[in-house]
Amino acid sequence: MLQVPYIRQNKELVLEKLAVKHFKETHLVDEILALDDKRKKLTLEYDDTQAQVNSLSKEIGKLMAQGKKEDGEAMRAKVNELKEHLAPVNEALNATEKELLDTLVKLPNLPSPLVPPGKTPEENVEVKQHGDIPALYEGAVPHWDLAKKYDLIDFELGNKITGSGFPVYKNKGARLQRAMIQYFLDYNINAGYMEYAPPYLVNETSAFGTGQLPDKEGQMYHATEDNFYLIPTAEVPVTNIYRDEILKDTELPIRMTAYTPCFRREAGSYGKDVRGLNRVHQFDKVELVQLAHPEKSYEALDEMVAHVESLLQSLQLPYRILRLCGGDMSFTSALTYDFEVYSAAQQKWLEVSSVSNFESYQSNRMKIRFKEANGKPQLVHTLNGSSLALPRIMACILENNQTAEGIHIPAVLQAYFGAGKIQ
RNA sequence: GGUGAGGUGCCUGAGUGGCCGAAAGGAACGGUUUGCUAAACCGUCGUACGGGUUAAACUGUACCGAGGGUUCGAAUCCCUCCCUCACCGCCA
């Protein structure tokens, strides 16, 4: 969430930037400032009255110790009077603080100046395209057919065990999946990221911290008995590792990577691009998370983009990089680059990675801060990106690398996979 | 799941109603001195939100797992929840 003092000092700029995101409820800005004024006023009243209570209470203690009971009793009556006045003030203050927070989380993050102004996915800006679109042989088919032909993935079996969108990987399909996870993690570790294996269920506080709660609650699976949420991405548990911590500036940047399954209800997205691996409820992903100094977070973003790019290049997949426009960006992001790989058999681009800078939007929720020598604590910037989401990479490798003699495995994966081909 | 003991600052750890935002030790940081990769000594050493100031200084409130309660006054008493440890039960 945004910081109130920032909103106060830059109100016009905030409104301009909200417009880039096509955010309509701009009245919230004034509401926030009004609530903050109210909060300050009530705080002042509460603090002053409580200060009187505190000092009188101390005197009562002294009087009682000296045996001056009557004076003490008189003062006690006075304190009780003050406290009667205090109760409604305190109540109003708590209610105002809650309302302020509730309103504040309704404001999205502000877009960086680099964000294009568009509204729809068509208006995203292609920053780069790399690699040749492969010309497939005549018998080429989409990955769901290949999965059957080579016995790699069983979609129907997933229906039986759980429901739609829970594919079962088997044989070489399972092994290829595992090979990719291993390769991606190794690749990230070599680039200086520390590996974590975090929990796949998180509590409410963690889900709030990265911005999944309160507004995206319907997208997560909820284990109601214990009030835990199944993670929609490793971003949630990994970023929360440093929740409520104050780091030293010398510890930044912090680079973390984690493999986890991801669980997404995908409510409301039925019927669109759901065939095969294109959209599933459970999938595997290797994630990158960085905590960076505010002045260096855009360098970190570029570094992550370059990192994901080199990873895709090593897999020899044709890809393009999009800079998302204001209307297509996520609520919490300040700048996002999407990576898409080209699926030759489906003849379309599939998103496989999304790399974003959240600036201090998440860290303000999580209170992840750092301190320079003799300085005050300030918020870090958080970033994350996929490296990579597995299903669509799998789909593209199967489709783009299919030949009459089998499916060619990218050279960098062969050692992990244990063969050069699926036949 | 049951029973018992606990949760205090970066760490260890004292504190069972006012003198406690909190002893002491350690770590860390700054300095002095000596100087074979170190010791001794001195100092600093929480956070948030207000007031105040050009900025400071200064000052108020809150925070001793979380939330509530009792009291003139709570780290300290009571309740609920969360977590940790030990033992028992169950179990990969």
Side-chain angles (χ1 to χ4, degrees), chain A residues 1-9 32-105 197-209 213 222-229 237 240-252 254 291 360 363-380:
Chain A
M1 62 195 177
L2 302 177
Q3 295 171 271
V4 179
Y6 179 87
I7 299 175
R8 191 176 287 285
Q9 284 160 29
I32 286 165
L33 294 179
L35 282 166
D36 191 48
D37 285 336
K38 194 174 168 192
R39 180 189 64 84
K40 283 188 187 178
K41 210 176 132 204
L42 288 165
T43 300
L44 192 60
E45 191 173 354
Y46 178 87
D47 285 1
D48 282 353
T49 313
Q50 186 64 46
Q52 290 181 53
V53 169
N54 287 346
S55 73
L56 286 175
S57 293
K58 276 192 182 172
E59 282 183 51
I60 291 172
K62 279 181 202 156
L63 289 173
M64 292 308 195
Q66 291 165 12
K68 294 179 182 169
K69 248 192 172 155
E70 277 179 31
D71 294 349
E73 289 299 333
M75 214 169 261
R76 194 181 286 184
K78 168 92 174 132
V79 171
N80 277 327
E81 212 173 288
L82 285 170
K83 281 176 70 185
E84 258 173 59
H85 171 68
L86 208 53
V89 175
N90 188 28
E91 220 166 281
L93 180 57
N94 288 338
T96 305
E97 281 177 344
K98 184 176 185 307
E99 202 183 340
L100 177 59
L101 181 66
D102 288 349
T103 313
L104 207 48
V105 298
Y200 304 157
L201 280 82
V202 294
N203 59 30
E204 260 183 288
T205 312
S206 294
F208 174 83
L213 292 179
H222 188 193
T224 53
E225 187 146 345
D226 297 293
N227 198 22
F228 293 149
Y229 291 90
N240 271 282
I241 288 171
Y242 284 96
R243 167 153 53 82
D244 291 324
E245 300 285 340
I246 300 176
L247 298 153
K248 285 186 207 155
D249 59 338
T250 50
E251 292 177 83
L252 298 174
I254 289 177
L291 307 183
S360 58
S363 60
N364 190 30
R365 290 178 164 220
M366 282 182 274
K367 301 294 175 245
I368 307 180
R369 291 166 291 174
F370 74 98
K371 231 193 312 199
E372 277 157 355
N374 300 325
K376 281 187 181 165
Q378 37 179 326
L379 297 169
V380 303

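What you see is a predicted model, and the numbers here were worked out from it, not measured in a lab. Throughout, protein chains are lettered first and strands after them, A, B, ... in sequence-line order, and every chain is numbered starting at 1.
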Determine the interatomic distance between [atom1] on [N] and the same-named atom on [M]; round to the nearest Å.
N: B:rA22; M: B:rC64; atom1: P; result: 14 Å
N: B:rU8; M: B:rA74; atom1: C1'; result: 14 Å
N: B:rG13; M: B:rG69; atom1: C1'; result: 30 Å
N: B:rA24; M: B:rC42; atom1: P; result: 13 Å
N: B:rU53; M: B:rG60; atom1: C1'; result: 16 Å
N: B:rG9; M: B:rA5; atom1: C1'; result: 23 Å
N: B:rG43; M: B:rG52; atom1: P; result: 35 Å
N: B:rG6; M: B:rC77; atom1: P; result: 11 Å

Base, sugar-phosphate, or nothing for [X], non-hydrogen atoms under 4.0 angstrom?
X: A:Ile60; answer: base
X: A:Asn54; answer: sugar-phosphate
X: A:Lys41; answer: nothing

- Item | RNA chain B: 5'-proximal contact among A:Gln50 and A:Gly375 (nearest heavy atom) | A:Gly375
- For RNA chain B, whose closest nucleotide is more 5', that of A:Thr43 or that of A:Gln52? A:Thr43
- Test ring pair (Phe, Tyr, Trp, His ring centres under 6.0 Å) applied to A:His85 - qualifying residues, sequence neighbours left out: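 A:His85 satisfies ring pair (Phe, Tyr, Trp, His ring centres under 6.0 Å) with no residue once adjacent residues are dropped.
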- Query: Side-chain donor-acceptor pair under 3.5 Å between A:Ser57 and A:Asn54, yes or no?
  - Reply: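 No, no side-chain donor-acceptor contact under 3.5 Å.
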- Task: Extract, from 5' to 3' on RNA chain B, the first and final nucleotides lying under 4.0 angstrom from some heavy atom of chain A.
- Result: B:rG18 to B:rG73
Return the nucleotide paired to [N]: Watson-Crick means purine N1 to pyrimidine N3 with N6-O4 or O6-N4, wobble means G-U with N1-O2 and O6-N3, both under 3.5 Å.
N: B:rG43; result: B:rC29
N: B:rA22; result: none
N: B:rG1; result: B:rC88
N: B:rU70; result: none
N: B:rC58; result: B:rG51

- Residue pair A:Thr103 / A:Leu35, side-chain heavy-atom distance below 4.5 Å: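 A:Thr103 vs A:Leu35: side chains touch.
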- Query: A:Tyr229 versus A:Leu213: any side-chain heavy-atom pair under 4.5 Å?
  - Reply: yes
- Task: Not counting sequence neighbours, which residues clear side chain to side chain contact (heavy atoms under 4.5 Å, CB included) with A:Gln3? List them please.
- Result: A:Pro5, A:Tyr6, A:Ser360, A:Asn364, A:Leu379
- Sequence neighbours excluded, which residues qualify as side chain to side chain contact (heavy atoms under 4.5 Å, CB included) partners of A:Asp249? A:Phe370, A:Glu372
- salt bridge (charged side-chain N to carboxylate O under 4.0 Å, His left out) contacts touching residues 43-62 of chain A (sequence neighbours left out): none
- Query: Can you list every pair that meets salt bridge (charged side-chain N to carboxylate O under 4.0 Å, His left out) and has a residue in residues 35-44 of chain A, with sequence neighbours left out?
  - Reply: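 Passing the test, one end in residues 35-44 of chain A: A:Arg8-A:Asp36, A:Arg8-A:Asp37, A:Asp36-A:Arg39.
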